[in-house]
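Each remark here refers to the structure printed beneath this line.
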Amino acid sequence: MDEPMPLGDLPEDEYTQLLRQVLRREGDRVRPSDRFADLWAVAEESRIEDERPRSGTFRWLAAVAVAAVAVGVALPLLAPGLLPNPAASSATSPASSPSMTSQAPTGPPSIPTINREVAVYYVDSHGSLAREFRDLPTQTDRLTTAVAAVLNVAPLDPSYSSRWSGGQVNSAQVAGNRITLDLSKTAFGSMQTRAQVLQGINQVTYTATAAVGDRNGQKVVRILVDGSPNLPLVGAPSTDFTRSGVEPLTDVIVDSFEYGEAITSPVTITGQVKTTALTGTDGLSWSIVAKGASASGWKAVTFGKPAGGYTPFTIQGPDLAAGSYALHLEYTSPKDGQLQVVKLFLVR
């Protein structure tokens, strides 16, 4: 009986020729993907298997299988069952078939939105409320952002402070004319006297009403402590809190820049002074000197028309070289005598 002829030595029939044409066409059209290492491992496994005794038919099909996988042809369509089911493989070993697993696209990390020019009220060295406009990462909304800043964000001006100490805004809601703020008990931790609690309440009241656009005292503020109306040292108030006009506010406000900010030269500075803080004809004087130098060469500011309890003023300063400077403002208060306000700024 004649020896069986290996399949590779048989003349190609129509099926074989068709199969080769399909592989060649697909090979010309498909590039190797980033699974090349996996495909090479399949080819290497086939080579090892070929070293074991087996029929020529399987060796021929194994060669075709490796070629088909290498050019990205769907092998199960050609010889079902020849290779493991990719779905089954991914179920037992997810890393073995990365192309079969879909992953959600990963975009860049989210960037917090910024609330610009948020009015935050602190306490100055005379116990009055002093305002700073701050750019702050948004926490829920502008109201929550502003109140959280009162509790946790240090002022730029080192002469300012806050009566609050690292607290949390549990909730901040507006319903009609009422703003309800639920604050954590820890926020009151540094308040030792009733006066300090009232100053802190003023900070929050002015900041919250400014955040919702109310500067005329039309809205009231209710403050809770972890859901309770009983406030430390003052108990449960009989009424909600409101703005008290300009009375608790600081005497002198500089509008052109915040403490330590950069401005352009020649220097033009605008601000406001509480009308009741001016005594007679003494007015308000200014001096701009290099940081650390003593104030000298005092000049009078130019006043505008009083409005809302304050009188606006303008300073036409000198042309300054780049550097650090101090603006000194001096006036005589009916209550406290001669006072000075110092604001540092940069020129670039």
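In what follows, every heavy atom counts, from backbone to side chain, and hydrogens, waters and symmetry copies are set aside.
Between atom CG of residue Leu329 and atom CD1 of residue Ile269 there is a gap of 7.5 Å, rounded to the nearest 0.5 Å. The CG atom of Asn170 sits 13.0 Å away from the OG1 atom of Thr180 when rounded to the nearest 0.5 Å. To the nearest 0.5 Å, atom CZ of residue Arg163 and atom CG of residue Leu151 are 14.0 Å apart. Atom CD1 of Ile201 and atom CG of Leu181 lie 11.0 Å apart (nearest 0.5 Å). Note that CZ of Arg243 and CG of Asn202 are 10.0 Å apart. Values are rounded to the nearest 0.5 Å. Between Thr250 atom OG1 and Lys274 atom NZ the span is 7.0 Å, to the nearest 0.5 Å.
Residues Ile315 and Leu327 are in side-chain contact: their nearest non-hydrogen atoms beyond the backbone lie under 4.5 Å apart. A heavy-atom distance below 4.5 Å is not found between the side chains of Asp214 and Ile179. Side chains of Glu117 and Asp135 form a contact here, defined as non-hydrogen atoms less than 4.5 Å apart. Looking at Val252 and Leu339, their side chains never come closer than 4.5 Å, going by heavy atoms from C-beta outward. Within the 4.5 Å cutoff, side-chain heavy atoms of Lys343 are placed close to those of Asp157. Proximity of Asp226 to Ser184: side-chain heavy atoms (C-beta onward) are separated by under 4.5 Å at one or more points. Counting only heavy atoms from C-beta outward, the side chains of Gln272 and Asp255 approach each other to under 4.5 Å. In this structure, the side chains of Asp251 and Ser128 stay at 4.5 Å or more apart for every pair of heavy atoms.
Using modelled atom types and a 3.5 Å distance limit, the side chains of Thr144 and Asp141 yield a donor-acceptor pair. No side-chain donor-acceptor contact under 3.5 Å links Gln338 and Thr332. Counting only N and O atoms by type, the side chains of Thr302 and Thr314 include no donor and acceptor under 3.5 Å apart. Looking only at atom types and distance, the side chain of Gln218 has no donor-acceptor partner in the side chain of Asn177 under 3.5 Å away. Asn115 and Thr138 share a side-chain donor-acceptor pair at under 3.5 Å. One side chain, Ser162 or Gln203, offers a donor N or O that lies under 3.5 Å from an acceptor on the other.
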Residue pair Leu183, Val169: steps toward the side chain to side chain contact (heavy atoms under 4.5 Å, CB included) verdict = CA-CA 5 Å; Leu183 310 178; Val169 180; 4.2 Å; yes
message = Pair Ile253, Arg131 - check side chain to side chain contact (heavy atoms under 4.5 Å, CB included), show working.
response = CA-CA 8 Å; Ile253 301 171; Arg131 180 192 64 199; 3.7 Å; yes
Asp124 and Val341: CA distance, side-chain angles, deciding distance, side chain to side chain contact (heavy atoms under 4.5 Å, CB included) verdict = CA-CA 10 Å; Asp124 69 10; Val341 174; over 6 Å; no
inquiry  = Does Arg134 form a side chain to side chain contact (heavy atoms under 4.5 Å, CB included) with Leu156? I'd like the steps, not just the answer.
reply    = CA-CA 9 Å; Arg134 307 295 293 270; Leu156 299 172; 3.6 Å; yes
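Nearest heavy-atom pair, Ser296 versus Ser287, reported as atom, atom and distance to 0.1 Å: O-OG, 2.6 Å. Nearest heavy-atom pair across Ser190 and Gln196 is O-OE1, 3.8 Å. Scanning all heavy atoms of the two residues, the minimum distance from Pro318 to Ser265 falls at O-OG, 3.8 Å. Closest heavy-atom contact between Met191 and Gly200: CE-CA, 4.2 Å. Across Pro229 and Pro237, no two heavy atoms sit closer than the pair O-CD, 3.5 Å. Taking every heavy atom of both residues into account, Ala146 and Ala211 meet most closely at CB-CB, 3.8 Å.
A distance-only check finds no donor-acceptor pair linking the side chain of Asp182 to the backbone of Ile223 [under 3.5 Å]. Of the possible polar contacts, one joining the Arg142 side chain to the Arg116 backbone as a donor-acceptor pair under 3.5 Å is found. For the pair Thr205 (side chain) and Thr242 (backbone), a donor-acceptor distance under 3.5 Å is absent. Side-chain atoms of Ser285 never come within 3.5 Å of backbone atoms of Trp298 as a donor-acceptor pair (strictly under, hydrogens ignored).
Put simply, Val347 and Trp286 are part of the same group of oily side chains (I, L, V, M, F, W, Y) that touch within less than 4.5 Å, one to the next. Taking hydrophobic clusters as Ile, Leu, Val, Met, Phe, Trp and Tyr residues chained together by side-chain heavy-atom distances below 4.5 Å, Leu346 does not share a cluster with Val342. When hydrophobic clusters are built by joining Ile, Leu, Val, Met, Phe, Trp and Tyr residues whose side-chain heavy atoms come closer than 4.5 Å, directly or via intermediates, Val174 is not grouped with Val220. Two different hydrophobic clusters hold Val120 and Tyr259 under the rule that ILVMFWY side chains link at heavy-atom gaps under 4.5 Å. Under the 4.5 Å side-chain heavy-atom criterion for ILVMFWY residues, no single connected hydrophobic cluster contains both Leu344 and Tyr122.
Residue pairs meeting the ring pair (Phe, Tyr, Trp, His ring centres under 6.0 Å) criterion with at least one partner in residues 158-217, sequence neighbours excluded, are Tyr121-Tyr206, Trp164-Phe188. Residue pairs meeting the ring pair (Phe, Tyr, Trp, His ring centres under 6.0 Å) criterion with at least one member in residues 311-348, sequence neighbours excluded: Phe257-Phe345, Tyr325-Phe345.
A salt bridge does not link Lys219 to Asp240: none of the charged side-chain nitrogens sits closer than 4.0 Å to a carboxylate oxygen.
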